[in-house]
There are 2 protein chains.
Amino acid sequence: MQKPVTLAPLRVACSGCNLRELCMPMDLSDLDMEQLDDLTCIKHAYQRGGFLYRSGAKFQSLYAIRTGFFKTQVLHEDGREQVTGFQMAGEIIGMDAISSDAHACDAIALEDSEVCEIPFSRMEELSRKLPTLQRHLHRILSREIVRDQGIMLLLGSMRAEERLAAFLLNLSQRFAARGYSPTSFYLRMTRQEIGSYLGMKLETVSRTLSNFQGAGLITIRNKSVEIHNLQKLQRFVGPPQECV
Amino acid sequence: MQKPVTLAPLRVACSGCNLRELCMPMDLSDLDMEQLDDLTCIKHAYQRGGFLYRSGAKFQSLYAIRTGFFKTQVLHEDGREQVTGFQMAGEIIGMDAISSDAHACDAIALEDSEVCEIPFSRMEELSRKLPTLQRHLHRILSREIVRDQGIMLLLGSMRAEERLAAFLLNLSQRFAARGYSPTSFYLRMTRQEIGSYLGMKLETVSRTLSNFQGAGLITIRNKSVEIHNLQKLQRFVGPPQECV
DNA sequence: CGGGGACTTGATACTGTTCAATTTCCGTGG
DNA sequence: CCACGGAAATTGAACAGTATCAAGTCCCCG
């Protein structure tokens with residue numbers, strides 16, 4: 001984040017990168033698949049610390065993360081910032097911008113990353129022809145709403161311990177879904193960024209992680225996490241009296 | 001909420017209630033307008049305390065609130081609840097359900113209300129023919145995402161005073177946009193519900209409102225609020241040192 | 001190998017919660 | 001119409017959970 005450098009993204013024609021993959025969960029006929037191929041998109045590379053987009057920038061495209069890790073954050077006028085999410089490979093980013101034709105948050109690479117740009121007007125066009133694609137787009141947008149509501153629940157009614165346990169479990173699930181270990185992974189973000197996301201100060205994040213380690217739930221060494229007992233951690237996400 | 005009664009909603013054929021109004025902010029040709037009339041929807045009435053939909057219910061429709069006031073809430077397994085929003089006339093509700101074909105939260109009337117049911121499959125169908133409607137739907141979905149991000153900012157990085165000031169100002173704006181007084185209105189929700197929404201306890205809500213009153217910013221008598229100085233209240237939403 | 005940011009840990013302060021006691025309000029029934 | 005009863009709201013006092021401030025360590029990058 002301290003790097004003021006935002007390298008112009010590397011533009012590479014990317015024939016293999018099209019909406020097909022976006023639509024993997026969909027039931028598509030071969031015919032539909034052919035049409036999807038019409039919408040090949042452009043691959044971009046970003047260095048760690050680089051901005052995928054900035055708040056206020058004109059909205060053109062959604063982005064599918066191919067590799068890497070991003071954070072999104074909104075800035076308050078007074079300088080306070082709130083991390084609104086961490087996005088990893090396979091996730092779509094930029095949907096906040098549709099409503100006003102301008103991005104409502106910053107998206108910043110937490111490690112060297114590649115994204116596929118999906119021109120939104122073309123996607124809208126194509127989704128008028130392909131009901132399954134249309135449906136899929138709507139699901140993606142709605143899923144983001146549901147995700148945000150989950151974070152509201154977390155921020156609004158959980159204590160620091162619970163928030164952090166929920167956060168680790170969420171990462172665990174998402175890594176597992178991508179074929180990585182659900183119990184051993186690297187945190188791409190700083191304690192400060194975790195804290196911003198979870199509504200707590202970096203010191204509290206650090207202390208709480210140490211507590212988890214002290215309780216034998218995890219081993220944490222800098223940014224590498226090992227979860228020893230997913231069930232026990234799960235039990236933290238709940239009312240205190242039910243905890244061990 | 002204590003009323004276990006959920007009256008079957010009154011079904012009324014409603015020729016005047018169609019997507020035209022939904023699309024007011026859009027630029028539509030007369031021809032498009034005619035097509036919109038195809039999608040007349042059904043009006044339903046709900047009593048105070050009635051459920052518009054429950055978490056888990058099968059998703060069929062979005063709902064446009066015609067009159068009245070709703071809250072949406074998500075329930076945690078352990079019984080904790082988080083109010084995720086308060087919706088008033090002119091707003092669309094139910095978008096969280098698209099992602100999984102089932103509602104992800106409860107929607108409950110805070111006063112006697114009327115809604116227009118918009119069958120979503122028909123809306124999708126029509127939006128394939130009308131790009132302006134399609135665009136509008138996408139904007140509505142995206143706006144919800146932006147709204148949620150704003151609440152994350154509020155919950156994650158504001159203090160109780162700031163949250164409540166932001167809440168009152170938000171209501172003020174929305175009432176003003178509907179032609180009501182921005183400085184004098186009724187709260188339809190309880191202190192508990194406000195607290196749940198803002199991530200604080202009802203006692204803290206009560207105390208903070210009393211403090212605002214003590215500072216001459218507002219007059220609050222039960223559920224009626226009068227804001228004496230919008231600018232001063234606005235100044236509360238910011239870093240403490242900049243406050244008077 | 002040096003320097004600066006990231007992280008950890010401790011002591012203290014403070015915001016907001018919890019528990020409890022009243023008071024106020026509002027819907028209901030006499 | 002008024003009186004009653006329960007829910008909602010207010011207020012106080014003690015307490016708990018985080019934040020803040022501060023010091024020191026670790027780690028990574030150049």
Side-chain angles (χ1 to χ4, degrees), chain A residues 1-5 47-49 71 80 82-83 110-112 154-165 167 186-215 218-225 236 239-241 243, chain B residues 1-5 47-49 71 80 83 110-112 154-165 167 186-214 218-225 236 239-241 243:
Chain A
M1 291 133 294
Q2 297 69 244
K3 303 191 178 182
V5 208
Q47 286 193 335
R48 183 152 80 98
K71 70 167 176 179
R80 274 181 295 192
Q82 171 73 29
V83 172
L110 293 182
E111 62 182 27
D112 293 355
L154 183 141
L155 290 173
S157 58
M158 292 188 183
R159 295 171 328 110
E161 243 174 14
E162 305 177 67
R163 293 180 202 183
L164 200 53
F167 173 71
Y186 274 85
L187 298 173
R188 267 73 174 184
M189 67 295 284
T190 66
R191 304 286 189 268
Q192 162 119 281
E193 287 162 341
I194 296 173
S196 170
Y197 182 59
L198 298 178
M200 47 209 262
K201 294 294 161 187
L202 69 94
E203 294 95 330
T204 309
V205 173
S206 183
R207 259 186 259 276
T208 309
L209 286 172
S210 297
N211 291 347
F212 283 169
Q213 182 164 242
I218 65 173
T219 298
I220 180 146
R221 177 170 174 75
N222 214 27
K223 301 212 163 160
S224 78
V225 180
F236 263 85
Q241 64 274 20
C243 290
Chain B
M1 287 137 294
Q2 297 68 244
K3 303 192 179 183
V5 208
Q47 285 194 336
R48 183 151 82 97
K71 69 167 176 179
R80 275 181 294 192
V83 172
L110 293 181
E111 61 182 27
D112 294 354
L154 182 141
L155 290 173
S157 58
M158 290 188 184
R159 296 170 332 109
E161 241 174 15
E162 304 178 69
R163 293 181 201 182
L164 200 53
F167 173 70
Y186 273 87
L187 299 173
R188 267 73 174 185
M189 66 294 284
T190 66
R191 302 287 189 267
Q192 160 118 280
E193 287 162 341
I194 296 173
S196 170
Y197 182 60
L198 299 178
M200 46 209 263
K201 295 293 160 187
L202 70 93
E203 293 95 330
T204 309
V205 173
S206 184
R207 260 186 260 276
T208 308
L209 286 173
S210 297
N211 291 347
F212 283 169
Q213 182 164 241
I218 65 172
T219 298
I220 181 147
R221 176 170 175 76
N222 213 29
K223 301 211 163 161
S224 78
V225 181
F236 262 85
Q241 63 274 21
C243 289

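Numbered from 1 within each chain, the chains take letters A, B, ... in sequence-line order. As the structure is a computational prediction, the values presented were derived from the model and not from experiment.
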Where the side chain of B:Ser157 meets the backbone of A:Gln82, is there a donor-acceptor pair that is under 3.5 Å apart? no
Please give, in whole Å, the distance from C:dG27 C1' to B:Glu111 CD? 17 Å
Expressed in angstrom and rounded to an integer, what is the separation of B:Arg48 atom CZ from C:dT28 atom C1'? 13 Å
CZ on A:Phe236 to CZ on A:Arg159, rounded to 0.5 Å: 9.0 Å
Grab the CG-P distance between A:Leu164 and C:dT8 for me, whole Å please. 11 Å
When every nucleotide of nucleotides 10-22 of chain D is labelled 5' to 3' by its protein contacts under 4.0 Å (heavy atoms), B for base, S for sugar-phosphate only, - for none, what sequence of letters results? BBBB----SSBB-
Is the phosphate of D:dA9, meaning OP1 or OP2, less than 4.0 Å from a side-chain N or O of B:Lys223? yes
Please output the side-chain donor-acceptor pairs of residues 202-212 of chain B that fall under 3.5 Å, not counting sequence neighbours, one pair per line with the distance.
{"unit_1": "B:Thr208", "atom_1": "OG1", "unit_2": "B:Thr204", "atom_2": "O", "d": "2.6"}
{"unit_1": "B:Ser210", "atom_1": "OG", "unit_2": "B:Ser206", "atom_2": "O", "d": "3.0"}

To the nearest angstrom, the CG-P distance between B:Leu155 and C:dG16 comes to 13 Å
Any donor and acceptor pair, going by atom type alone, linking the side chain of A:Asp112 with main-chain N or O of A:Arg48 inside 3.5 Å? yes
Tell me: CG of B:Leu110 to P of C:dC26, nearest whole Å? 16 Å
Kindly indicate whether the side chain of B:Met189, heavy atoms from C-beta on, has any atom under 4.5 Å from the side chain of B:Lys71. no
Taking B:Arg188 for its side chain and B:Leu110 for its backbone only, find out whether a donor-acceptor pair lies under 3.5 Å. no
Output the rounded distance in Å from CG (A:Leu187) to P (C:dA6). 15 Å
